[in-house]
Amino acid sequence: MSRLEVKMPAQAQAVIEQIYSSMERRIDANPPGLCPVDMTLNFLNLCQAQTCGKCVPCRIGLDQLSLMIREVLDGNPDPDILDRIKTTAQVVVDSADCAIGIDAGQLVLNALIAFRADFEEHVKTGRCLGGMEDAIPCVAKCPAAVDIPGYVALVNEGRCADAIKLIRKDNPFPVSCAYICEHPCENRCRRKMVDGAINIRGLKRYAVDMAGDVENPPCAEATGKTVAVVGGGPSGLTAAYYLALMGHKVTVYDMHKKLGGMMRYGIPSYRYPREKLDGEIASILSLGIEAHTETKIGVDVSFDELKNNFDAVYVAIGAHTDKKVGIEGEDAEGVISAVEMLRGIGNDVMPDFTGKNVAVIGGGNVAMDCTRSAIRLGAKTVTCVYRRRQEDMTAQAEEVEGAIAEGAEVLCLHAPVKVEVADGKAVALWAQPQIIGEVDKAGRPRPNTASADPIRIPADVVIVAIGQAIEYQTFEAAGIKTKWGNLVAGTDTKTAVEGVFSGGDCVTGPATVIRAIAAGKAAAANIDEYLGFSHEIKVDVEVPTPSCTDLKPRGRINCRERAAAERKNDFVCMEHCMTCEEASKESSRCLRCDHFGYGIFKGGRVDKW
């Protein structure tokens, strides 16, 4: 008899793997807004099903936790039940033999801290707080609450112009978001339970390319009210757009030569062609919005003038100031900031990196933009230096993969320590190897200094891309409160100064375009209310009635890109639009959560705001 045999997967094991795969998809597609107490119980039961039963904490402790949380959900539990849950969970964490029990107990402890109000509401009233208001996952995850199922359905019927009109109800930048949005809407797409998320951004790109120029809706009757918008980026122009539609007279002030903010001065044209941006801005200004460029508040126009001459002011100045690394040699010739470099490119002033070695410090999308731009500017080598792991980068995975495909080296787990200087010029970047450590509050493992010698990276040009800051001093002097270098405003965009509102990057810190747009939308609604009105923004577009959807698993259709060897030589748009056939196939995968299931139960689509 043979001592060993080659193990072959049994049918039972194959089924188990299918269950795990299905479970992973379901967890990944978990929509926001579900009852956290119920979710805690379900995950606890999953952990309990995985235990071996060897140790008492798992075998008995998890079972008792499950029974107590079920008691909370059923209503009328003992008043001290939350204390008993906490004590039991802590005992499990402290005494379980393995990670199954430890993590399960910690899960319950974390839930008690994060969702204390939900647990208490169940104990006191026997019901949920009602957090399930966001019934459509993609709409809930979109900061601007765009009617995604609606425009996907319109694309499926070939009504691309109507799709653009529907998008503009909540987002006046459909073209911009079609090219550069980070598509958070796809994160909880329920189609993930079947196969993969709908390519929402790709379908939007198809719609804007096929629709061509689409007229804006007519403006409401003039109100006689005036609003000043400081900052011509996505947030400022969004507020201006909706305020103009409401009938207010809007004037935009921007310190740069052209409007667009970080869409122009932070995103290279190979991702977002400038002619597309110019066309979209022109469409917004066509509503009668007046724009003053190369006008800096506090220098060319005082903030007091704005407050005295306008009925309301919206401050959306963005984050256009670079941050320093704080290392030796940072002031040498050849060391530039990402903001400086991308602003020059935005003004069509292209630096010449021909034959040079370039090092980029940072791991975000801006760092990737600089890395990929440097390649296109003729650099001999481009190395992106990041102190964490590649999977911990805040840049989108496809951006990192694209940079590598174009020839960049991504050097992870290395922290810059100094710039080597010769004759006043940068010649190399020195980086200290790191070793990954414990997880920080953000959920990413923290890097620590490794027991290894620093390495030398030849670099004629060092680009610092570790974040941006705002120039807040003028506004702070005018009475707007600041905190950690940002302006302070509530979620309603109101500041401490009467009639002054603020939103976007200057409040939240550097964020995404769609979040800036969402802030501008909120500001427009609240400024309108402040001025004594209650205008509605709606669109006269009939969304197709959904039919029963084919739920058979199918592959997701992704947008194709130009070959890396070709695209790395120019700033021409690198991504291809979907074909009509691809858009039809991809849009038909939508499950229409606005109509089926909990979506229709909560009222379905929101057709006005």
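Quick caveat: nothing in here was measured; it's all calculated off a predicted structure.
Between the CD1 atom in Ile284 and the CG atom in Leu259 there is a gap of 9.5 Å [rounded to 0.5 Å]. Note: Cys181 SG to Ile514 CD1 = 5.0 Å, rounded to the nearest 0.5 Å. The CD1 atom of Ile167 sits 11.0 Å away from atom CG of Asp162, with the distance rounded to the nearest 0.5 Å. Atom CG of Leu203 and atom OG of Ser584 lie 10.0 Å apart (nearest 0.5 Å). To the nearest 0.5 angstrom, Leu377 atom CG is 11.5 Å from Asn569 atom CG. Separation of atoms CZ (Arg159) and CG (Leu166) is listed at 9.5 Å; rounding is to 0.5 Å.
The backbone N or O of Lys258 lies less than 3.5 Å from a partner atom in the side chain of Tyr265, making a donor-acceptor pair. In this structure, the side chain of Thr495 engages the main chain of Val500 through a donor-acceptor pair within 3.5 Å. The backbone N or O of Leu285 lies less than 3.5 Å from no partner atom in the side chain of Tyr241, so there is not a single donor-acceptor pair. Under a 3.5 Å cut-off, the side chain of Arg168 and the backbone N or O of Val214 do form a donor-acceptor pair. Counting only distance, with no hydrogens or angles, the side chain of Ser235 and the backbone of Ile517 share no donor-acceptor pair below 3.5 Å. Of the possible donor and acceptor atoms, one in the side chain of Glu582 sits under 3.5 Å from a partner among the backbone N and O of Thr579.
Heavy atoms from other residues, nucleotides or ligands lying under 6.0 Å from CD of Glu275 number more than 12. The 12-atom threshold is exceeded at CZ of Arg456, counting heavy atoms of other residues, nucleotides or ligands nearer than 6.0 Å. Sparse packing is recorded around CD of Glu438, with 12 or fewer heavy atoms of other residues, nucleotides or ligands lying under 6.0 Å away. For Asp453, the CG atom counts as loosely surrounded, since its 6.0 Å shell holds 12 or fewer non-hydrogen atoms of other residues, nucleotides or ligands.
Between Cys384 and Met368 the shortest side-chain heavy-atom distance falls below 4.5 Å. Counting only heavy atoms from C-beta outward, the side chains of Thr251 and Val229 never approach each other to under 4.5 Å. Two residues are said to be in side-chain contact when any heavy atoms from C-beta on lie closer than 4.5 Å; Ser269 and Cys573 fail this criterion. In this structure, the side chains of Met578 and Arg560 stay at 4.5 Å or more apart for every pair of heavy atoms. Within the 4.5 Å cutoff, the side chain of Gln468 has heavy atoms near those of the Val366 side chain. Contact annotation: the side chain of Tyr272 approaches that of Val175 to within less than 4.5 Å [non-hydrogen atoms, C-beta and beyond]. Side-chain atoms of Asn365 and Thr394, non-hydrogen and from C-beta on, never get closer than 4.5 Å to each other. Taking the side chain as every heavy atom from C-beta outward, Val507 and Val488 never approach each other to under 4.5 Å.
Salt bridge absent: Glu575 and Arg271 never bring a charged side-chain N and a carboxylate O closer than 4.0 Å. A salt bridge does not link Asp392 with Arg446: none of the charged nitrogens is closer than 4.0 Å to a carboxylate oxygen. We find that Arg372 and Glu399 are joined by a salt bridge, their nearest charged nitrogen and carboxylate oxygen being less than 4.0 Å apart. Under the 4.0 Å criterion applied to side-chain N and carboxylate O atoms, Asp170 and Lys521 are assigned as salt-bridge partners. Look at Glu330 and Lys324 and you find no salt bridge, because none of the NZ, NE, NH1 or NH2 atoms lies under 4.0 Å from a carboxylate O. Look at Asp195 and Arg191 and you find a salt bridge, because one of the NZ, NE, NH1 or NH2 atoms lies within 4.0 Å of a carboxylate O, short of that distance. At a threshold of 4.0 Å, the pair Asp322-Arg343 does not count as salt-bridged, since none of the basic side-chain nitrogens sits closer than that to a carboxylate oxygen.
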Just do the side chain to side chain contact (heavy atoms under 4.5 Å, CB included) check on Val572 and Arg562 with the steps written out, would you? CA-CA 10 Å; Val572 176; Arg562 296 165 60 205; 3.4 Å; yes
Evaluation steps, side chain to side chain contact (heavy atoms under 4.5 Å, CB included), between Val358 and Ile463: CA-CA 8 Å; Val358 177; Ile463 303 169; 3.7 Å; yes
Please test Lys141 against Glu186 for salt bridge (Lys or Arg N to Asp or Glu O under 4.0 Å), starting from the C-alpha separation and ending with a verdict. CA-CA 8 Å; Lys141 295 296 288 184; Glu186 296 182 16; over 6 Å; no
Taking it one step at a time, do Thr512 and Glu182 satisfy side chain to side chain donor-acceptor pair (under 3.5 Å)? CA-CA 7 Å; Thr512 60; Glu182 293 188 332; 4.9 Å; no
Hey, mind stepping through Arg556 and Glu586 against salt bridge (Lys or Arg N to Asp or Glu O under 4.0 Å) and telling me if it holds? CA-CA 7 Å; Arg556 167 187 163 111; Glu586 185 63 12; 5.1 Å; no
Hey, mind stepping through Arg264 and Asp278 against salt bridge (Lys or Arg N to Asp or Glu O under 4.0 Å) and telling me if it holds? CA-CA 9 Å; Arg264 181 183 302 278; Asp278 291 339; 2.6 Å; yes
Candidate pair Ser283 and Asn216, rule side chain to side chain donor-acceptor pair (under 3.5 Å), full reasoning: CA-CA 8 Å; Ser283 175; Asn216 288 307; 3.0 Å; yes
Under the side chain to side chain donor-acceptor pair (under 3.5 Å) rule, what do Ser588 and Asn156 come out as? Steps first, then yes or no, please. CA-CA 6 Å; Ser588 68; Asn156 186 248; 4.9 Å; no
Go through the steps to decide whether Glu391 and Arg444 satisfy the test salt bridge (Lys or Arg N to Asp or Glu O under 4.0 Å), and finish with yes or no. CA-CA 9 Å; Glu391 55 265 42; Arg444 295 189 299 172; over 6 Å; no
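Side-chain contact, Thr295 with Asp300: no donor N or O sits under 3.5 Å from an acceptor N or O. Between the side chains of Thr354 and Asp352, a donor-acceptor pair is found at a separation under 3.5 Å. Checking Ser502 against Tyr314 by side-chain atom types alone, no donor-acceptor pair falls below 3.5 Å. Neither side chain, Thr449 nor Gln432, offers a donor N or O lying under 3.5 Å from an acceptor on the other. Side chains of Asn199 and Arg201: a donor-acceptor N/O pair is absent below 3.5 angstrom, by distance only. Side-chain contact annotation: Tyr179 with Asp209, donor-acceptor N/O pair under 3.5 Å present. Under 3.5 Å, the side chains of Glu280 and Ser176 contain a donor-acceptor pair of N or O atoms.
Ring pair His414/Tyr386: centre-to-centre distance not below 6.0 Å.
Checking Ile336, Val464, Asp369 one by one against Met341, the side chain to side chain contact (heavy atoms under 4.5 Å, CB included) holds for a single residue, Ile336. Of the options Pro454, Pro458, Pro416, a side chain to side chain contact (heavy atoms under 4.5 Å, CB included) to Leu429 is made by Pro416 and by none of the others.
The ring-ring contact (aromatic ring centres under 6.0 Å, His included) search around His576 returns none, not counting sequence neighbours.
Ring-plane geometry between Tyr253 and Phe310 is classed as perpendicular, the angle between the planes exceeding 60 degrees on a 0 to 90 degree scale with a lower cut at 30. The aromatic rings of Phe303 and Phe475 stand perpendicular to each other, their planes meeting at an angle above 60°, with 30° marking the opposite boundary.
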